[in-house]
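Below: the structure, in structure tokens.
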Amino acid sequence: MSAPRYWLFKSEPSSFSLSDLKNRPDATEHWDGVRNFQARNFLRDEIKVGDLVFFYHSNIPEPAIVGIAQVVREGYPDFVAWDPQSNYFDPRSTPEKPVWFMVDVRFVSELPRPVTLNELKEIPELAQLPLLNRSRLSIQPVSAEAWDLILRLAGVQG
DNA sequence: GCCAACGTTGGC
DNA sequence: GCCAACGTTGGC
């Protein structure tokens with residue numbers, strides 16, 4: 001089995017927050033509703049069971065990485081896209097030819113302290129982080145080096 | 001609430 | 001295949 005890889009998932013806490021994840025049954029939830037092709041490709045092709053995920057809160061006064069989740073089920077069709085009642089309905093996607101994919105993630109931990117976007121911007125080693133230069137990508141890879149650095153910023157014992 | 005950035009759509 | 005128009009994201 002290959003080493004786990006690292007990702008960052010963004011969510012607006014008003015729609016789904018880290019504590020929402022923690023309070024789900026089994027602390028597990030489908031990461032549905034992603035409607036961007038590059039993010040879809042990560043979900044469908046790259047993200048594997050066991051990979052670790054930074055949970056980022058966006059669209060708030062102090063956007064920040066607030067916690068860690070782990071992938072417990074890898075890429076499968078996002079069935080929300082088939083529900084005409086859903087905001088994420090997309091008639092192009094069908095069970096026979098799904099367009100959109102999701103993974104399931106489980107709550108792992110809350111960071112000892114959140115690492116804010118402003119802090120991240122101050123760190124030259126993180127300049128390549130997609131969060132800082134591809135700010136609209138909602139599912140993005142994090143290098144092992146960046147992962148460790150951010151954990152240290154968050155006060156996690158290394 | 002504003003608006004810049006940028007991904008997506010669709011006319012040509 | 002280009003690119004203008006449009007819609008959405010997300011920082012501020």
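Each chain gets a letter, A, B and so on, in the order the sequences are listed, and its residues count up from 1.
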Could you list by number each residue of residues 54-66 of chain A showing a heavy-atom separation from DNA chain C of less than 4.0 Å, or answer none if no residue does?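 The stretch gives A:Y56, A:S58, A:N59, A:P63 as the residues lying under 4.0 Å from the strand, ordered by number.
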Distances under 3.5 Å between nitrogen or oxygen atoms of protein and nucleotides 5-8 of chain B:
unit_1, atom_1, unit_2, atom_2, d
B:dA5, N3, A:R136, NH1, 3.2
B:dC6, O4', A:R136, NH1, 3.1
B:dC6, O2, A:R136, NH1, 2.2
B:dG7, OP1, A:R134, NH2, 3.4
B:dG7, O3', A:N36, ND2, 3.4
B:dT8, OP1, A:F37, N, 3.2

Assign the ring pair A:F9 / A:W31 to parallel, tilted or perpendicular, where the plane angle (0 to 90°) is split at 30° and 60°.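 Answer is tilted, since the angle falls between 30° and 60°.
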According to the interplanar angle, ranging from 0 to 90°, do the rings of A:W82 and A:F79 count as parallel (below 30°), tilted (30 to 60°) or perpendicular (above 60°)?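 Answer is tilted, since the angle falls between 30° and 60°.
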Set of side chain to side chain contact (heavy atoms under 4.5 Å, CB included) partners for A:E125, sequence neighbours left out: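 Testing A:E125 for side chain to side chain contact (heavy atoms under 4.5 Å, CB included), a comparison that skips the adjacent residues, returns A:I123, A:L149.
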Using the ring-ring contact (aromatic ring centres under 6.0 Å, His included) rule, collect all pairs that involve residues 84-123 of chain A, keeping only residues at least two apart or in two chains.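 For residues 84-123 of chain A: A:F37-A:W100.
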Which pairs with one or both residues in residues 111-145 of chain A pass ring-ring contact (aromatic ring centres under 6.0 Å, His included), sequence neighbours excluded?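 Pairs touching residues 111-145 of chain A that pass the test: none.
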Output the rounded distance in Å from [atom1] ([X]) to [atom2] ([N]).
X: A:L132; N: C:dG11; atom1: CG; atom2: P; answer: 10 Å
X: A:N118; N: C:dG10; atom1: CG; atom2: P; answer: 16 Å
X: A:L117; N: C:dT9; atom1: CG; atom2: P; answer: 18 Å
X: A:F9; N: C:dT9; atom1: CZ; atom2: P; answer: 17 Å

Contacts under 3.5 angstrom, residues 65-74 of chain A side chains, donor-acceptor by atom type, not counting sequence neighbours:
unit_1, atom_1, unit_2, atom_2, d
A:Q70, NE2, A:G50, O, 2.9
A:E74, OE1, A:V49, N, 2.8

Looking at side-chain heavy atoms only, is the closest gap between A:R5 and A:E46 below 4.5 Å?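 Touching, per the 4.5 Å side-chain cut-off.
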Does A:H57 reach the side chain of A:F55, with side-chain heavy atoms less than 4.5 Å apart?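 Contact flag for A:H57/A:F55 side chains = yes.
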Answer yes or no: does a side-chain N or O of A:K10 lie under 4.0 Å from OP1 or OP2 of C:dG10?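 Affirmative; the distance criterion is met.
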